[in-house]
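First comes the structure, then the notes that go with it.
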Amino acid sequence: MDRIRISGGRPLVGSIPVSGAKNAALPLMAASLLTDGTLTLANLPHLVDITTMANLLAQHGVAIHMNGDGPGGNLGRVLSLCAADVGSTTAPYDIVRKMRASVLVLGPLVARFGRARVSLPGGCAIGTRPVDLHLKGLAQLGATIELDGGYIDARAERRLRGARIVFPFVSVGATENLMMAAALAEGETVLENAAREPEVADLARCLVAMGAEIEGIGTNRLTVRGGERLTGADFAVVPDRIEAGTYAVATAVTGGEVELVGVRMDLIEAVADVLRQAGIAVDETAAGVRVKAPAGRARGVDVMTEPYPGFPTDMQAQVMVLMATAEGAAMITETIFENRFMHVPELNRMGANINVHGGSAIVRGVDHLSGAQVMATDLRASVSLVLAGLSARGETLINRVYHLDRGYERLEEKLAACGAAIERIEG
Ligand code: EPZ
């Protein structure tokens with residue numbers, strides 16, 4: 001298993017290109033199942049999860065062609081997907097277990113083919129992550145759902161019918177699955193308390209480009225009027241606000257100055273707000289967003305994760321690294337997942353002073369972190385260890401970096417280009 005070695009204490013200076021959003025690309029790829037036309041997606045990031053989704057769709061029978069670099073020469077990958085000849089409506093366990101987002105094929109398959117057999121995604125490091133809201137919503141649209149042998153068996157004897165679905169709490173995946181199903185359902189579907197994440201809005205805009213009628217994009221109430229069929233479309237994936245936020249914190253914890261090229265300020269407002277309160281300058285530029293660390297230490301700031309437009313849970317581990325060496329203390333509260341503090345013991349091994357009490361962690365800033373050999377447990381915990389290594393004195397060795405490859409494109413390259421002493425050790 002590959003490892004990453006970092007010699008810390010070097011400020012990041014320069015610019016970092018922000019890739020297309022993983023969490024937009026995955027549902028967008030699943031949306032190709034809704035039509036027999038060709039859906040061409042640009043600005044897709046080079047990530048393991050994208051490859052996994054492509055493999056899943058290919059085993060359904062989706063024809064997938066890679067069209068080289070993206071428009072404007074960026075490193076994004078352009079994929080054309082055509083689900084004209086879908087042979088199987090089964091998403092097998094050995095693929096779903098590797099990537100929970102596989103469950104996003106469920107809605108499209110049931111809506112277009114009237115059946116789907118999708119392995120129940122198990123839990124993962126950050127929580128049990130059930131899909132009950134996905135299933136209840138599909139049932140309201142007229143599907144029959146059975147669970148058998150660890151699989152979801154969904155059937156619709158006739159075309160799905162629109163319904164009013166009220167989510168008891170915000171779910172990104174359930175909003176996406178049901179919005180896709182509703183796009184082919186008969187009549188009108190209203191999704192109340194829908195997720196407002198930019199990746200959800202990106203999917204909605206793509207569905208509109210494919211011929212769907214959707215109102216309320218970007219709000220917590222989506223109205224979808226289903227059509228008999230959807231067409232193909234050309235669509236470019238929104239920039240990855242979590243990747244951008246991650247590199248903004250990397251800049252802050254190394255005392256550097258970096259321009260994040262390709263991201264829009266509106267995508268990272270909540271993160272920018274916390275960084276500014278902590279004393280970091282975050283300003284819009286013509287090409288993206290410039291982040292500049294203060295001369296001295298950052299200030300401790302309390303953070304609570306919330307659904308968009310609140311502070312993203314996918315940035316919680318990263319901002320904790322910033323607070324670990326800030327002046328004063330910070331209370332970090334995780335409200336979305338029940339077990340998303342696995343990075344804490346590893347950060348404490350690097351000299352941080354963090355105490356977890358249920359869903360909150362009190363972080364008391366220390367003067368500096370010290371390099372150590374650490375282990376990654378999930379995608380965002382892994383990247384928080386990279387940030388800690390960049391900030392720490394001495395050398396940090398991070399094991400199990402396959403987590404990183406799922407969500408960060410060319411991480412070492414992008415950081416090394418800004419002066420970081422970081423290398424991957426194959427093994
Ligand atoms: C998406 O996961 C993202 N993944 C996650 O990013 C992100 O952390 C999460 O949204 C929250 O923003 C992708 O988009 C591929 P949820 P998702 O449904 O859709 C509970 C990353 O690091 N819930 O909004 O699975 C659930 O357990 C990943 O890129 C139910 O109880 O998240 C969680 O506690 C990690 N029943 C909460 O709701 C359901 O049916 C929010 O989950 C669905 C969800």
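Each ligand, and each atom within it, is numbered from 1 in the order the structure gives.
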- Item | Glu188 with Arg225: basic N within carboxylate O range, under 4.0 Å | yes
- Side chains of Ser360 and Thr333: donor-acceptor distance under 3.5 Å anywhere? yes
- Distance, nearest 0.5 Å, that separates CZ of Arg349 from OG1 of Thr396: 10.0 Å
- Query: With a 3.5 Å cut-off and no angle check, do the side chains of Glu409 and Ser19 form a donor-acceptor pair?
  - Reply: yes
Does ligand 1 have any N/O pairs with the protein under 3.5 Å, and how far apart?
from, atom 1, to, atom 2, distance (Å)
ligand 1, 2 (O), Arg129, NH2, 3.3
ligand 1, 6 (O), Asn23, ND2, 3.2
ligand 1, 6 (O), Asp314, OD2, 3.0
ligand 1, 8 (O), Asp314, OD1, 2.6
ligand 1, 8 (O), Asp314, OD2, 3.4
ligand 1, 18 (O), Ser171, OG, 2.7
ligand 1, 19 (O), Gly173, N, 2.8
ligand 1, 22 (O), Arg340, NH2, 3.4
ligand 1, 22 (O), Arg380, NE, 2.9
ligand 1, 24 (O), Val172, N, 2.7
ligand 1, 25 (O), Arg129, NH2, 3.0
ligand 1, 29 (O), Lys22, NZ, 3.0
ligand 1, 29 (O), Asn23, ND2, 3.0
ligand 1, 29 (O), Arg380, NH2, 2.8
ligand 1, 34 (O), Ile336, O, 2.6
ligand 1, 36 (N), Pro130, O, 3.3
ligand 1, 36 (N), Asp132, OD1, 2.7
ligand 1, 40 (O), Pro130, O, 3.4
ligand 1, 40 (O), Asp132, N, 3.1
ligand 1, 40 (O), Asp132, OD1, 3.2
ligand 1, 40 (O), Leu133, N, 2.7

- Task: May I ask you to decide whether Glu334 forms a salt bridge with Arg340, counting only side-chain N to carboxylate O separations under 4.0 Å?
- Result: no
- Task: Please say which of Leu141, Thr175, Val190 ends up in a side chain to side chain contact (heavy atoms under 4.5 Å, CB included) with Ile165.
- Result: Leu141
